[in-house]
Protein chains: 2
Amino acid sequence: MSCEADTTALLRSGGRRLTPQRQRVAAALQHAGGHRTVEELHELMAGQPDTPMALSTVYRALTTLKELRLVSEVDAGGRAAFTWVDHSRPHHHLVCLGCGVERDLDPALLRQLGSEIRAVTGFDAFLDHFAIMGECARCRQAAAQT
Amino acid sequence: MSCEADTTALLRSGGRRLTPQRQRVAAALQHAGGHRTVEELHELMAGQPDTPMALSTVYRALTTLKELRLVSEVDAGGRAAFTWVDHSRPHHHLVCLGCGVERDLDPALLRQLGSEIRAVTGFDAFLDHFAIMGECARCRQAAAQT
DNA sequence: CTGCCCTCCGCGAATATTCGCAATTGTACG
DNA sequence: CGTACAATTGCGAATATTCGCGGAGGGCAG
């Protein structure tokens, strides 16, 4: 897969090293899919025949991967959760602060925003995977009746 | 100030109570200005003649205020920092992941995004105070040369 | 005004996350 | 292929943050 080559190249960039631990964390997250907590990933790898990994190493690997924008971090009720970012399929979430429901948002809207920001400020906004807080129509109506 | 009246009304909404602790946390954050860590706020109030406040209470008050969108939370290198949100002057930040520089963004761009999201999905996006991660022009050039 | 209910607070314990340090081990280079 | 250097890991300790519980106190019905 090309993604592996990309990952390798990215991990090597900026004086970083391609270590088995980072590869394993990356692989585990890709394989598991969805949102995974640090604990889940750690246990997942504890089941592997390789040398067990320290929990702090998982944290550090995820931090590194996040800096490279290979994973994104979201808040899952008190503990951190991570997702593998598929750059070939950017998507965004609208999260309702009222009921917690999540729905996807048309990527086109944010793509346009990204272009505008770039045009106005020269800033390259990272909008591959983005969560916007808000309130859904249902909760808004419920709140209005209060 | 009207902000106090607003705060009071907001805090009373949804069956919530206006407690001295919440008022003190809100006041401390408004007075201190800028980004403050929980620890800072706690010490700030420890210097007051009133009854000392438990640290966990500061956390909980800030959580409540955040739910009411009176404060916003940002990540200040491992520990959480909070800012008082001035709804009369919405503003947004572009944060460069490379050099850490922050610059403001024209609110009009996001206001438009908010309208579009609302039109398309019925979702009411909260975009009063928003941070977008990215890379500034300078860092992008530097990275390209690597 | 009085009583009841439900939200909050303080406290201490449980979790989650980060840090410091010495030992390892990728990588670049000769 | 062997060496040198700096990034990384493991481990345990230090921090940061959340939770659960019992007791108070605010606010509304009667």
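All values reported here derive from a predicted model rather than from experimental measurement. All chains are named by letter (A, B, ...) in the order of the sequence lines, taking the proteins before the strands, and each is independently numbered beginning at 1.
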By the 4.0 Å heavy-atom rule, please label B:Leu18 as base, sugar-phosphate, or nothing.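 Counting heavy atoms under 4.0 Å across all strands, no contact is made by B:Leu18.
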With a 4.0 Å cut-off on heavy atoms, is B:Arg60 in touch with a base, just the backbone sugar-phosphate, or nothing at all?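 The residue B:Arg60 makes base contact.
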Of the nucleotides [options], which one has an atom closest to the side chain of [X]?
X: B:Ser56; options: D:dT17, C:dG10, C:dT27; result: C:dG10
X: B:Arg79; options: D:dA16, C:dA16, C:dC8; result: D:dA16
X: B:Thr19; options: C:dT17, C:dC8, C:dC11; result: C:dC8
X: B:Arg17; options: D:dG25, C:dG10, D:dG10; result: D:dG25

Heavy-atom distance under 4.5 Å between the side chains of A:Asp104 and A:His93, does that happen here?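 Side chain of A:Asp104 against side chain of A:His93, heavy atoms only: contact under 4.5 Å found.
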For salt bridge (charged side-chain N to carboxylate O under 4.0 Å, His left out), just list the numbers for B:Glu135 and B:Arg140, CA-CA rounded to whole Å, side-chain angles, deciding distance to a tenth of an Å, and then say yes or no. CA-CA 6 Å; B:Glu135 195 170 43; B:Arg140 193 165 63 247; 5.8 Å; no
Check each of A:Val25, A:Leu29, A:Leu10, A:Val85 against A:Leu65 using the side chain to side chain contact (heavy atoms under 4.5 Å, CB included) test, and report the only one that passes.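 Looking at A:Val25, A:Leu29, A:Leu10, A:Val85, the match for A:Leu65 under the side chain to side chain contact (heavy atoms under 4.5 Å, CB included) is A:Val25.
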B:Met53: which of B:Leu55, B:Thr57, B:Thr51 passes side chain to side chain contact (heavy atoms under 4.5 Å, CB included):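 Only one of B:Leu55, B:Thr57, B:Thr51 forms a side chain to side chain contact (heavy atoms under 4.5 Å, CB included) with B:Met53, namely B:Thr57.
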Calculate the interatomic distance between [X] atom [atom1] and [N] atom [atom2]; express it in whole Å.
X: B:Glu39; N: D:dT18; atom1: CD; atom2: P; answer: 14 Å
X: A:Leu55; N: D:dC11; atom1: CG; atom2: P; answer: 11 Å
X: A:Glu73; N: C:dA16; atom1: CD; atom2: P; answer: 15 Å
X: B:Leu62; N: D:dA16; atom1: CG; atom2: P; answer: 15 Å
X: A:His42; N: C:dT15; atom1: NE2; atom2: C1'; answer: 15 Å
X: B:Glu43; N: D:dA16; atom1: CD; atom2: P; answer: 10 Å
X: A:Arg24; N: D:dT8; atom1: CZ; atom2: P; answer: 17 Å
X: A:Leu68; N: D:dT8; atom1: CG; atom2: P; answer: 10 Å

For the OG1 atom of A:Thr64 and the CD atom of A:Gln21, what is their distance to the nearest 0.5 Å?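 Answer rounded to 0.5 Å: 11.0 Å.
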Ignoring backbone atoms, test whether A:Gln21 places a side-chain nitrogen or oxygen under 4.0 Å from the OP1 or OP2 oxygen of C:dT25.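 For A:Gln21, the contact criterion (side-chain N or O under 4.0 Å from OP1 or OP2 of C:dT25) is not met.
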When you check the phosphate oxygens OP1 and OP2 of D:dT18, does a side-chain N or O of B:Tyr59 lie under 4.0 Å from one of them?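 For D:dT18, neither OP1 nor OP2 has a side-chain N or O of B:Tyr59 closer than 4.0 Å.
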Residue whose closest nucleotide on DNA chain C lies nearer the 5' end, A:Val38 versus B:Met53: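 Its nearest nucleotide lies further toward 5', so the answer is B:Met53.
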